[in-house]
Participant: 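My structure is below; once you've seen it, I'll send some questions.
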Amino acid sequence: MTNANLNNVTPIADKQTAPACRFTIQATLKGFPITIEGEGRAADLTLIVERLLAAGAEPPTSQAAQAEMKPVKQLPLCPAHGTPMKPSRRPGSYFCPRRDDKGEYCPHKA
């Protein structure tokens, strides 16, 4: 084979189709959770996401974001010590776990 013949050869990699990627999209559309599964190119995925956003779909929130959104219940503070009180066995009531010099528990409750 001569060099002239090698210049006319097209590499086979140029003619192979790109491998398809698999994707799953989860969103909420007008309050309804939806899941879309598909196979295609990355450009297809981008196009689908853009269309979903244009239709008003919202991406799911991550668990970390949901944890930040939940209000953290603040424990009441002991008026004498300024330390957080501990929950007692009775729901909704708290006690101060601090003790005085005699070994007696603080009498403050919430």
Participant: Under the side-chain hydrogen bond (donor to acceptor under 3.5 Å, both in side chains) rule, collect the residues that match up with Ser93, sequence neighbours excluded.
Facilitator: Ser88
Participant: Would you mind reporting whether Arg98 and Cys78 have side-chain heavy atoms less than 4.5 Å apart?
Facilitator: no
Participant: Applying side chain to side chain contact (heavy atoms under 4.5 Å, CB included), run through Arg99 and Cys106 and close with a yes or a no.
Facilitator: CA-CA 6 Å; Arg99 295 181 184 221; Cys106 177; over 6 Å; no
Participant: If hydrophobic residues (ILVMFWY) are linked whenever their side-chain heavy atoms come closer than 4.5 Å, directly or via other members, who joins Met85 in its cluster?
Facilitator: Leu75, Tyr94
Participant: Return the set of residues passing side-chain hydrogen bond (donor to acceptor under 3.5 Å, both in side chains) with Arg89 (not counting sequence neighbours), or none when no residue passes.
Facilitator: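 Residues passing side-chain hydrogen bond (donor to acceptor under 3.5 Å, both in side chains) with Arg89: none at all.
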Participant: Sort and list the pairs that fulfil salt bridge (Lys or Arg N to Asp or Glu O under 4.0 Å) and have at least one residue in residues 26-39, not counting sequence neighbours.
Facilitator: Arg22-Glu39
Participant: For a quick test of reading the model, state the closest non-hydrogen atom pair linking Leu29 to Ala55 and the distance between them.
Facilitator: CD1-O, 3.7 Å
Participant: Show the nearest heavy-atom pair for residues Thr83 and Cys96, with the distance to one decimal.
Facilitator: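 So the two residues come closest at OG1-SG, 4.4 Å.
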Participant: So Thr35 and Thr24, do their side chains get closer than 4.5 Å, heavy atoms only?
Facilitator: yes
Participant: Is any side-chain heavy atom of Leu77 closer than 4.5 Å to one of Pro84?
Facilitator: yes
Participant: Testing the basics here: between Ala27 and Pro60, what is the closest heavy-atom pair and its distance to 0.1 Å?
Facilitator: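 Taking Ala27 first and Pro60 second, the nearest heavy atoms are CA-CD, 4.1 Å.
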Participant: Extract all donor-acceptor atom pairs below 3.5 Å that involve side chains of residues 42-52 and protein atoms in other chains or at least two apart in sequence.
Facilitator:
residue, atom, partner, partner atom, Å
Asp44, OD1, Arg41, NH2, 3.4
Asp44, OD2, Arg41, N, 3.0
Thr46, OG1, Ala42, O, 3.1

Participant: Test question: given the 4.5 Å side-chain rule for I, L, V, M, F, W and Y, name all other residues clustered with Phe95, or answer none.
Facilitator: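 The other cluster members (ILVMFWY side chains, heavy atoms under 4.5 Å, direct or chained): none.
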